[in-house]
Amino acid sequence: MNFVHIALREVKLGFRNPWAYSFMILFTVFSLSLLLINSQNFVEGYSSATSTMLNFILYLLPLMTLLIGSFSLTAEKEEGSWQLLSTYPIRTLSFLLGKYAGLAMVLLTIIAFGFGVTGIVGAISGKGLDFQTFGLFIVFSGGLIILFLAVALCIGTWARNRWQALTLGVATWFFAIIGWPTILIAVLGLLPYLWIKPLLTALTLLNPAELVRCFVVVKLGGGAALGPEYYEWIRWIKEPTGTWGFALLCLIWVGAAMSCAHWVWERGRSRG
């Protein structure tokens, strides 16, 4: 029982889960709504319509990922599956990486289906987004899933049951998505001006939603909308190595979150 077997098992369980199909339908409806926003004019680059589309995705995908990911681990505890799996010679790291890979495949399939339907309908109706903008929406969605799935597994290792996972997942989503701008303004408003830029950089790195949003907005040509405080972000993202730098940041972020999940799960495993 190794990493690959765990991942394949998770894919099978994921596609048997009614939640997966519910979210697939919901995301498809949301992605089709992008065509309605785009129906009045052809959207290219960053605009008010593009910003609205990004917000739609930003509200739905992190919550969907947090719930599915955290429920997957808490289900192992509640149903006793982990006790059975622990009788096999399987390491905690292989178990968590298999979980992550399997869930990532399920969630990425959901957004691939939704965007696939949107792309086909857009091509037939002639109201689709331009290729680059559409590609950046896919990158935005995939980035949110990859980063928030690591957070979801951290929540799943801490939570003892689905109710705790639900509470922690919704609280994390609210803090990172809904409450973030207000909290950011409140905190930065209390600090000296010279502290704002370095602290803003650190806080942006701590919020996966803000990290992915900044990258995609700059790539869409809307860096000026972020404000002068994000000048350094705009500069390095626009560089030829900006995409690789962003990918490296995402890998570091996922690695740190998975290390935290591994430590908590291993600690619980040693205590029985």
Side-chain angles (χ1 to χ4, degrees), residues 45-48 50-66 69 104 111 133 135-155 168-261:
Y46 188 78
S47 63
S48 60
T50 309
S51 177
T52 302
M53 296 177 191
L54 290 177
N55 287 333
F56 273 165
I57 298 172
L58 192 61
Y59 289 143
L60 175 63
L61 277 184
L63 181 61
M64 177 178 75
T65 304
L66 287 170
I111 66 167
T133 303
L136 285 171
F137 273 110
I138 296 174
V139 170
F140 182 64
S141 302
L144 289 176
I145 284 176
I146 288 170
L147 294 181
F148 273 96
L149 183 56
V151 178
L153 293 187
C154 285
I155 293 173
L168 291 172
V170 172
T172 302
W173 172 79
F174 184 86
F175 175 81
I177 308 300
I178 305 297
W180 183 257
T182 303
I183 295 171
L184 198 64
I185 292 172
V187 171
L188 296 180
L190 299 174
L191 299 175
Y193 180 75
L194 293 178
W195 292 15
I196 291 179
K197 285 187 178 181
L199 186 59
L200 186 63
T201 299
L203 291 175
T204 301
L205 289 173
L206 290 176
N207 188 340
E210 194 67 10
L211 177 62
V212 179
R213 188 183 74 88
C214 287
F215 175 77
V216 172
V217 167
V218 172
K219 286 295 185 181
L220 285 170
L226 297 175
E229 292 81 6
Y230 285 91
Y231 172 76
E232 292 299 325
W233 283 87
I234 298 170
R235 184 183 60 79
W236 75 260
I237 289 174
K238 283 186 174 181
E239 291 178 354
T241 57
T243 301
W244 292 107
F246 171 74
L248 179 61
L249 280 177
C250 289
L251 287 175
I252 294 172
W253 216 104
V254 171
M258 292 297 291
S259 297
C260 178

Distance, nearest 0.5 Å, that separates CG of Leu249 from OG1 of Thr204: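 Here the interatomic distance stands at 11.0 Å.
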Roughly how far, to the nearest 0.5 Å, is the CD1 atom of Ile111 from the OG1 atom of Thr65?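 Between atom OG1 of Thr65 and atom CD1 of Ile111 there are 8.5 Å.
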Is the shortest side-chain heavy-atom distance between [X] and [Y] below 4.5 Å?
{"X": "Phe137", "Y": "Ile57", "value": "yes"}
{"X": "Leu211", "Y": "Asn207", "value": "no"}
{"X": "Thr243", "Y": "Phe215", "value": "yes"}
{"X": "Leu66", "Y": "Val170", "value": "no"}

How close do Pro208 and Trp253 get, counting heavy atoms only, and between which atoms?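 Nearest heavy atoms, Pro208 then Trp253: CD-CZ2, 3.5 Å.
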So which atom in Arg213 and which in Leu58 form the shortest heavy-atom distance, rounded to 0.1 Å?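 That closest heavy-atom pairing would be CD-CD2, 4.3 Å.
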Pairs of donor and acceptor atoms involving the side chains of residues 174-187, under 3.5 Å and at least two apart or interchain, shall be tabulated with distances.
none

Validation: residues 143-155 side-chain donor-acceptor distances under 3.5 Å, sequence neighbours left out:
none

Heavy-atom donor-acceptor pair, Trp173 side chain to Leu60 backbone, under 3.5 Å: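 Checking the backbone N and O of Leu60 against the side chain of Trp173, no donor-acceptor pair under 3.5 Å is found.
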Would you please name every residue forming a ring pair (Phe, Tyr, Trp, His ring centres under 6.0 Å) with Phe140, sequence neighbours left out?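 With neighbours one apart ignored, the set is empty.
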